[in-house]
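The structure under discussion appears below in the form of structure tokens.
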Amino acid sequence: MSKFDTPFFYSNMATAFSPFVKEILGYATEIAQVYGHQEILPAHFALALLKKTPHGYARAYIEQKIHLAQWEARLYDELKNLPTAPAEARDLSPLMELVLKEAYSEAQYFQSNIILPEYFFLALLKLHAFEDLAYQEARDFVAGKTTRLLHQHTEVNWTKQDALFQLLKRLDNLYEAQKISLKPYLHQAYSAVRGEIRGFALLLDEAQKANKITIEIVESALYESAIEQTLRFLAHRKYPLEEAFLYMYDTQTWAKVVIAPKEIFIATAQSSYSDLLGVDLASPI
């Protein structure tokens, strides 16, 4: 078991972590293994960050400063020139341990209870020099993006958000009580086309890192567009989505979306029962 599979780094940090964080660390370890490096270094982490957060603010900042292919080429050259050594397990270098801890300070600066990949990126720039990239400039860039996002959040229908949070809380209680096997996560995505923030409940099989169920809270007037979004979401997922639900919070009605994986076919039914979870999502739980 690697060091960052334990609560060691997380015990004194924010209470919630982006689900991408562990994926980034895991992928950085895989890169080190491929090259035969004994420690996880900034170059491993930077490449993993780009791989696992292709639409994040960190990548957007890098692309603003330098062509991404050129920057990646520098990282690969750095990895090729590092000494190799046989090792049964790869550990974080002392510098990367500091980066992980410094990410907590970045989350505090942004007044966030969630440590996002962007905060690890800023901590990395603060403690390790990369040509063409600057810590303070990157921090201002992320701050500007965050300010715009917060402004968009003020326009969110909080009745809808509360319905989503209450559902997630009930599902998390079931998960913690080991009554369901899938862990619930909150996912929010900004739609540039519609100019709105859209919230989803994702239920994941953590062992397989696979999203099995998606639940969206919508207005009944947006029913058709929500189904359309579900299809787009399905098309971009690496793993098959097994169930999808829509909850129209204004009419308090549910719709279960049934997707045939080998056909372009979708059917809906007025149902809130999850076969995969074995629970009725509309019940108080």
Side-chain angles (χ1 to χ4, degrees), residues 1-6 8-14 17-110 112 114-143 145-146:
M1 180 173 67
S2 86
K3 186 183 293 185
F4 44 77
D5 281 328
T6 74
F8 175 77
F9 292 110
Y10 308 143
S11 58
N12 295 316
M13 295 187 179
F17 287 80
S18 163
F20 292 111
V21 168
K22 191 172 180 180
E23 289 186 28
I24 293 170
L25 293 171
Y27 193 67
T29 302
E30 292 177 16
I31 295 172
Q33 289 173 336
V34 168
Y35 280 88
H37 301 148
Q38 191 168 0
E39 291 185 315
I40 315 302
L41 299 165
H44 302 119
F45 183 85
L47 283 173
L49 178 71
L50 293 177
K51 172 71 174 179
K52 292 299 181 180
T53 57
H55 304 295
Y57 295 160
R59 180 168 179 156
Y61 169 71
I62 294 169
E63 289 178 328
Q64 178 181 273
K65 301 297 295 180
I66 184 174
H67 196 288
L68 197 63
Q70 183 181 356
W71 197 69
E72 286 183 334
R74 291 180 186 174
L75 294 176
Y76 284 120
D77 286 341
E78 182 178 339
L79 293 180
K80 290 177 183 176
N81 293 323
L82 290 173
T84 60
E88 294 182 1
R90 270 73 182 173
D91 259 337
L92 294 170
S93 66
L95 175 60
M96 287 307 302
E97 290 185 12
L98 291 176
V99 167
L100 287 175
K101 293 175 182 178
E102 188 63 32
Y104 176 56
S105 298
E106 293 296 330
Q108 287 184 314
Y109 173 80
F110 285 96
S112 173
I114 301 176
I115 298 182
L116 300 173
E118 283 77 11
Y119 304 153
F120 283 104
F121 174 67
L122 292 176
L124 187 64
L125 292 187
K126 186 176 184 179
L127 298 172
H128 180 80
F130 286 102
E131 188 178 352
D132 295 316
L133 305 183
Y135 164 70
Q136 190 58 53
E137 185 182 59
R139 200 187 216 196
D140 292 342
F141 180 89
V142 172
K145 292 284 189 180
T146 303

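Every heavy atom of this structure was used, including side-chain atoms; hydrogens, water molecules and symmetry mates were not.
Between the side chain of Glu118 and the backbone N or O of Tyr57, at least one donor-acceptor pair lies under 3.5 Å.
Atom CG of Leu49 sits about 10.0 Å away from atom CZ of Phe120, to the nearest 0.5 Å. Taking CD from Glu30 and CD1 from Ile40, the interatomic distance works out to 10.0 Å, rounded to the nearest 0.5 Å. Atoms NE2 and CG, from His128 and Leu133 in turn, are 10.0 Å apart once rounded to the nearest 0.5 Å. If you take CD1 on Ile24 and NZ on Lys51, they are separated by 13.0 Å, rounding to the nearest 0.5 Å. Note that the CG atom of Leu125 and the CD atom of Glu137 stand 10.0 Å from one another [nearest 0.5 Å]. In this structure, Arg139 CZ and Glu106 CD are separated by 4.5 Å, a value rounded to the nearest 0.5 Å.
A parallel orientation is assigned to the rings of Phe110 and Tyr119, their planes being inclined by less than 30° (bins at 30° and 60°). His37 and Tyr35 have parallel rings, their planes meeting at less than 30° on a 0 to 90° scale where 60° marks the start of perpendicular.
Annotation for Tyr61: atom OH counts as buried by contact number, over 12 foreign heavy atoms lying within 6.0 Å.
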Derivation and outcome, side-chain contact (heavy atoms from CB on, under 4.5 Å), residues Thr53 and Phe121: CA-CA 11 Å; Thr53 57; Phe121 174 67; over 6 Å; no
Stepwise side-chain contact (heavy atoms from CB on, under 4.5 Å) test for Phe45 and Leu124: CA-CA 9 Å; Phe45 183 85; Leu124 187 64; 3.8 Å; yes
From CA spacing to verdict: side-chain contact (heavy atoms from CB on, under 4.5 Å), Phe130, Ile62: CA-CA 11 Å; Phe130 286 102; Ile62 294 169; over 6 Å; no
Step-by-step side-chain contact (heavy atoms from CB on, under 4.5 Å) determination, Gln136 to Asp140: CA-CA 6 Å; Gln136 190 58 53; Asp140 292 342; 3.1 Å; yes
Test side chain to side chain donor-acceptor pair (under 3.5 Å) applied to Tyr27 and Glu23, step by step: CA-CA 6 Å; Tyr27 193 67; Glu23 289 186 28; over 6 Å; no
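With a 4.5 Å cut-off on side-chain heavy atoms, Gln38 and Pro83 do not count as touching. Between Val99 and Pro42 the shortest side-chain heavy-atom distance does not fall below 4.5 Å.
In this structure, Ser93 and Leu41 approach most closely via the heavy-atom pair CB-CD2, 3.5 Å. When every heavy atom of Ala48 is checked against every heavy atom of Ala28, the shortest pair comes out as CB-N, 3.6 Å. Pairing each heavy atom of Leu47 with each of Ile31, the nearest pair is CB-CD1, 3.8 Å. Closest non-hydrogen pair, Ala103 versus Ala123, comes out as N-CB, 3.7 Å. When all heavy atoms of Leu75 and Ala46 are compared, the pair lying nearest together is CD1-CB, 3.8 Å.
Between Tyr76 and the choices Arg74, Glu78, Glu72, the side chain to side chain contact (heavy atoms under 4.5 Å, CB included) rule is met once, by Glu72.
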